[in-house]
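To start, the structure itself, in structure tokens.
So that the names make sense, note that chain A is the first sequence line, chain B the second, and so on, each numbered from 1. Values reported hereafter were calculated over all heavy atoms of this structure, with side chains retained and with hydrogens, waters and symmetry mates removed.
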Amino acid sequence: MSEHRNSPDRAGGTPGDGDGRDVDVLVQDPDLPPTALDPSIAEAEEGRWTPAKIALWVGIALLGGFSWTMLALVRGETVNAIWFVFAAVCTYFIAYRFYSKFIERNLLKPDDRRATPAEYKADGKDYAATDRRVLYGHHFAAIAGAGPLVGPVLAAQMGYLPGTLWIIFGVIAAGAVQDYLVMFFSMRRGGRSLGQMAREELGLIGGTAALIATLTIMIIIVAILALVVVNALGESPWGVFSVAMTIPIALFMGVYLRYIRPGKVTEVSIIGFILLLLAIIAGGWIGETEWGVAIFGLDRIAIAWGIIIYGFIAAILPVWLLLAPRDYLSTFMKIGTIVMLAVAIIITRPEISVPAVSEFANRSDGPVVPGTLFPFLFVTIACGALSGFHALIASGTTPKMIQKERQTRFIGYGGMLMESFVAIMALVAALSIDRGIYFAMNSSVAATGGTIEGAVAFVNGLGLAGVNLTPEMLSQLANNVGEESIVSRTGGAPTLAVGIAQIMQSFIGGSGMMAFWYHFAIMFEALFILTAVDAGTRVARFMLQDSIGNFIPRFRDTSWRTGAWICTAIMVAGWGAILIMGVTDPLGGINTLFPLFGIANQLLAAIALAVCMAICARKGAFKFLWIPALPLAFAAVVTISASFLKISSPVPAVGYWANHFAFRDALAAGEESFGAAQSVAAMEAVVRNTFIQGVLSIVFVSLALIVITTAVVATVKAYRNGGGPITEDKAVPSRIYAPSGMLATKAEKELEQQWDALPAHKKPARAGH
Amino acid sequence: MTVLERVRKAVWLFKGVMGENAYQSYLDHHAATHTAEPPMTEKAFWRDKTDRQDANPEGRCC
């Protein structure tokens, strides 16, 4: 992995001494106020159930319960979006207050008397203790991207209830647990990466398999995210122009920050944001002109090549010029847009007429993503419920910036709850559009023929309750959002953009503003994705250089230009090939590839949870091993069964190999067209694509099985020995104090005041204000 | 807390999330530890920050 920082000072001790309170090296400096809240005071404060507190939690529970009843049990014509918001928020509060507290108290046992890496390794740069609320924002901006916006949209095919249940209960029992555990364990290990922890806990085989899995998974994730952008921008001069303009805007911001006003991050982001709005407005004019259509009305293959070339250049350019400013812009948009969308949903409260569980829940021939609810719901919605990719972030930048150990619950568990809320809002936005339009937009060209007539015939022919699509509905909507056509705009992003545009126009601007809001939504999704493409290619390149460096040492030197270029080219070729394959796929691309994205992400989650389980076992925490083991078992069952279906299902829509052999046999029989493929070349493309997809499925599932097996072996071994060697860094006494949650409790405030009253010369280094 | 304090706090939080406070926390750290040599200038600090990112990329999630 890219991280070479090794701590010389391991604890290396006996099992159980990671437990904290009884570590006698943690001697409090008598000149300082306590560095941790006295456990008995904390206990008393938490355990004291005043009538007001009881009333508050009873109120939250009742509101949550009532909202769930409205969603799950009451079957009216429509259901109001506000119940999604209340059900989600109340459930999050209860899970955060009770379940994450349970994990803290029984499994992780953070000890604020211990210094965090941000304190004992402080360098003022990478290792810098950061205010918990600021770090929460940082961490959220790093984990949330286009993933939680896309998956729920595609899963809306199965009705609203399965997706809602999985997003909310998946996050509290699996996704947030994974993020919290990985962040805590990495923090206890000086901020080590997931790959390094896997190597330490699972040994050479498990560690290597985890590394290869991570690398291949990153390639597939970048490829499929890029495919989402291509599908959103294809034949859309407006979209292509405004998204292309983000590149000069970012370059300008980079130069501004480097040479004109260094460090004025917020200022330059506001300037960039205004330029971005101008680019969206200008895109509307340019999309109307003949020359604009001629220059920017690119087909999907041209856009895909554009992104590939862009990805390569962006990954070798210095960070300050493109990546850093784009990241600032993306963070700015992320926070702004998500707050705006939440406010808009709460104020406009759209009515949703999609059935709770749709006709496609039990069928494997859904036109959006093929496959039955189990297991494919759980891989279609990855980010937002359980996202393995987060383990890479939670074991990277964030743990090096945590002030106090007890803050990991708020940042790790709480941060993921926020991402889940974003997923719920995306689901609501997608559900609020007409069902007929939803299917017309998300069925592949192979099904609709790409024409309004074809789409109307196909969607009405599906025999769905309450769906009566007319050609006028499609042409009217296309006109409103300023696109030539909205038929078969697959990938989720355009559907979400329509949903957001509908909600926003009833909030600000009316139907005249709909085209603006649509392109605003497309723009911000594209911005997230292109940032992820840049950063993903770069991270993957460093991982590859590190791996090749084992055989050719020169590649370890990351400042060696030739090596950097070669590795970047390999990585870009990897995801670029899959992207081109997806764009040219006669079967529809995203429909066949998206499950692979979800499977890859969930397998990474299984790997992360497996590492966490092995660590817990070594700590001797067998009584609470189920906390990581249950989500691990679920993720393993879901992804392995989904992989096996993708590999061996006889239904061609589901199984890659079934499709592969069907098309191969057709070719062998000398047929000129077969299924959705209208020519011999298209049939050959299907044979090739399904082969690659099938091989990738086999690779993923084998690697994950190796990692999970080694983790189980490590766990059983630790059980037999009653624990194992502790791989944590040595405990160092802390010399700072900060409260643990979003809001400080009364006792925490009192302690904080003691610290504030300390004379200046006695105050240890503190970050923040 | 007065309204003005609240607004100030919100601005501070937003700037922090954007990453603008990085130089200030570097200065705080510097003042508390190696007071012997002068700290980097603001320009040099931001230059150094992005140059370190060149060699230590941070992932961004999907």
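- Neither the backbone nor the side chain of A/Asp534 comes within less than 4.5 Å of any heavy atom of chain B.
- In this structure, A/Lys125 places its NZ atom where more than 12 heavy-atom neighbours from other residues, nucleotides or ligands lie under 6.0 Å away.
- Taking CH2 of B/Trp12 as the start and CG of A/Asp131 as the end, the distance is 3.5 Å to the nearest 0.5 Å.
- Neither the backbone nor the side chain of A/Leu149 comes within contact range of chain B; no heavy atom of the residue lies under 4.5 Å from a heavy atom of that chain.
- Enclosure of atom CE in A/Met418 is not indicated, since only 12 or fewer non-hydrogen atoms of other residues, nucleotides or ligands lie within 6.0 angstrom.
- Interatomic distance, CG of A/Leu329 versus CE of B/Met18, reported as 8.0 Å (0.5 Å rounding).
- When each of A/Gly536, A/Pro318, A/Ala382, A/Pro148 is scored by its heavy-atom pairs under 4.5 Å with chain B, the top score falls to A/Pro318.
- The residue among A/Ala144, A/Ala142, A/Ala540 with the most heavy atom pairs within less than 4.5 Å of chain B is A/Ala142.
- A/Tyr127 has its side chain out of reach of B/His29: every pair of non-hydrogen atoms, C-beta onward, lies at least 4.5 Å apart.
- Nearest heavy atoms, B/Thr50 versus A/Val319: O-CB, 3.9 Å.
- Both the backbone and the side chain of A/Phe389 come within less than 4.5 Å of a heavy atom of chain B.
- Contacts with chain B were tallied for A/Ile335, A/Leu135, A/Val265; A/Val265 has the most, counting heavy-atom pairs under 4.5 Å.
- Between chain B and the residues A/Ala532, A/Gly145, A/Gly263, the largest count of heavy-atom pairs under 4.5 Å involves A/Gly263.
- Residues A/Arg538 and B/Asp54 have side chains in contact (heavy-atom distance under 4.5 Å, counting atoms from C-beta outward).
- With values rounded to the nearest 0.5 angstrom, A/Arg261 atom CZ is found 13.0 Å from B/Trp46 atom CH2.
- Atom CZ of B/Arg52 is surrounded by more than 12 heavy atoms from other residues, nucleotides or ligands within 6.0 Å.
- Contacts between A/Thr397 and chain B at a heavy-atom distance below 4.5 Å involve the side chain alone, from C-beta outward.
- Atoms NZ and CD1, from B/Lys43 and A/Ile260 in turn, are 9.5 Å apart once rounded to the nearest 0.5 Å.
- For the pairing with B/Pro57, the side chain to side chain contact (heavy atoms under 4.5 Å, CB included) check across A/Thr537, A/Val539, A/Leu323 returns one residue only, A/Val539.
- B/Gly19 and A/His138 get closest at one heavy-atom pair: CA-CE1, 4.1 Å.
- Contact annotation for A/Tyr136: neither backbone nor side-chain heavy atoms come within less than 4.5 Å of a heavy atom of chain B.
- With chain B as the partner, the residue from A/Leu321, A/Asp327, A/Leu317 showing the most heavy-atom pairs under 4.5 Å is A/Asp327.
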